[in-house]
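Please read these numbers as outputs of a predicted model, since none were measured by experiment.
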Number of protein chains: 2
Amino acid sequence: MRTPVKGRSTRAVQAEQTRQQILDTAQRLFAEQGYDATSIQMIADELGLTKAAVYYHFHAKIDMLHATMTPGVLRIAGLLDEAASMRGRRARIEHVVAGVVDFLVEHRHYAVMASSDPAAKRNKLDKEDGTADLRQRGLALCFGEHPTAAERVSYIAAFSIAESLPELVDLSDGELREALQTTMLRILRASS
Amino acid sequence: MRTPVKGRSTRAVQAEQTRQQILDTAQRLFAEQGYDATSIQMIADELGLTKAAVYYHFHAKIDMLHATMTPGVLRIAGLLDEAASMRGRRARIEHVVAGVVDFLVEHRHYAVMASSDPAAKRNKLDKEDGTADLRQRGLALCFGEHPTAAERVSYIAAFSIAESLPELVDLSDGELREALQTTMLRILRASS
DNA sequence: GTCTATATATAGATAGAC
DNA sequence: GTCTATCTATATATAGAC
């Protein structure tokens, strides 16, 4: 029954690698120029592939946006799950901030796209992948089900920093981490 | 020497009205779907015009983006000029915050685009129109020429709120104003 | 799994009639 | 000032050879 494992797995590995390269390139270009301004052709060109080759791995352009966002969405969702099981808003806030800061420092370049690209706001990515839901959940974890206007604005301020990370390229990972941690905590704590 | 004033001015007025309608529609669609995803055709359709008619008023699509952003850029630039002539960081911060809050409340729907659309980040809109320069100037006014990392992050947090205004549609102008004012001041003051 | 070639649609932009 | 008609470029996506 078993087909030649080595051959199959080699091909499969090759395919997986190519797919991942496409995804990395797509993510970088999406972040740099925006989803709409990035064509399949550009992605293919950067990798020395053809459009058709790219389409073998992704049936539609929008699938690439989904695929680039999914890992981040899942990670933040997991983070919120952890926070949800903790007692006390203060502790939950600290856990969420620490996790988000880790994520932002680790994905300085890519984190922008997910939260600010118009394409991510259309296409029901919000509802399907839960980007908007995540924000709602996080807000509820920090300030309860009925946050005040000021609490909502504080929450937005703290987590909208992600959209401006490119302005902070000159900071080292360590500097960025500390500045983010300090500032986000201060903003969120002061409102609770 | 004078040409028939009434005829000419009537036409001119008509043209100016149409131009303004185009601009309003463009600004709305840019804000809703993003610049790249908005076609001249869509703008024309909404107004019952044709693409050619639109092109009579704007030689290129990018000109519409410029035109939609210019008033806001000028207004904020003027605000910063005022702030620059004031003594004391505290006073400058308060003046800038008050002015920006006014602007945001007045342009709840449109303010998003200017600060977050990928198209505004490309096309050198930043350098030419000074969107990026405005941020730099504002930062210097609040925290001097050599702000710390934490001050820069605070500044970003305070003014990145603009990009998430759509999440606060349910707030009245008054509620929004107060929440913005309070939160932004708190974020910026605590860092000085 | 990647290619060439192509189908199809629509974008931005222009020419010229009215 | 607005129209019809059209140009040119490029987009997403597919079919089929290798």
Stepwise salt bridge (charged side-chain N to carboxylate O under 4.0 Å, His left out) check, B:Glu32 with A:Lys121:
CA-CA 9 Å; B:Glu32 286 173 5; A:Lys121 295 169 186 165; over 6 Å; no

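Rounded to whole Å, the distance from OH on B:Tyr56 to P on D:dT4 is 18 Å. Straight-line distance from the CZ atom of A:Phe58 to the P atom of C:dG1: 13 Å, rounded to whole Å.
Electrostatic pairing of A:Arg122 and A:Asp117 does not count as a salt bridge here, judged by no charged N lying under 4.0 Å from a carboxylate O. The pair B:Asp102-B:Arg75 fails the salt-bridge criterion, with no side-chain N (NZ, NE, NH1 or NH2) lying under 4.0 Å from an Asp/Glu carboxylate O. A salt bridge is absent between B:Glu167 and A:Arg152: the closest approach of a Lys/Arg side-chain nitrogen to an acidic carboxylate oxygen does not fall below 4.0 angstrom. At a threshold of 4.0 Å, the pair A:Lys51-A:Asp45 does not count as salt-bridged, since none of the basic side-chain nitrogens sits closer than that to a carboxylate oxygen.
A donor-acceptor contact under 3.5 angstrom links the side chains of B:Ser154 and A:Arg186, judged on distance only. Under 3.5 Å, the side chains of A:Arg135 and A:Ser115 contain no donor-acceptor pair of N or O atoms.
Interface residues of residues 17-32 of chain B facing DNA chain C, ordered by number: none; criterion, heavy-atom separation under 4.0 Å.
B:Ala26 and B:Met64 get closest at one heavy-atom pair: CB-SD, 4.2 Å.
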Per-nt protein contacts along nucleotides 4-18 of chain C (heavy atom under 4.0 Å; B base, S backbone sugar-phosphate only, - none) come out as B------SBBBB---

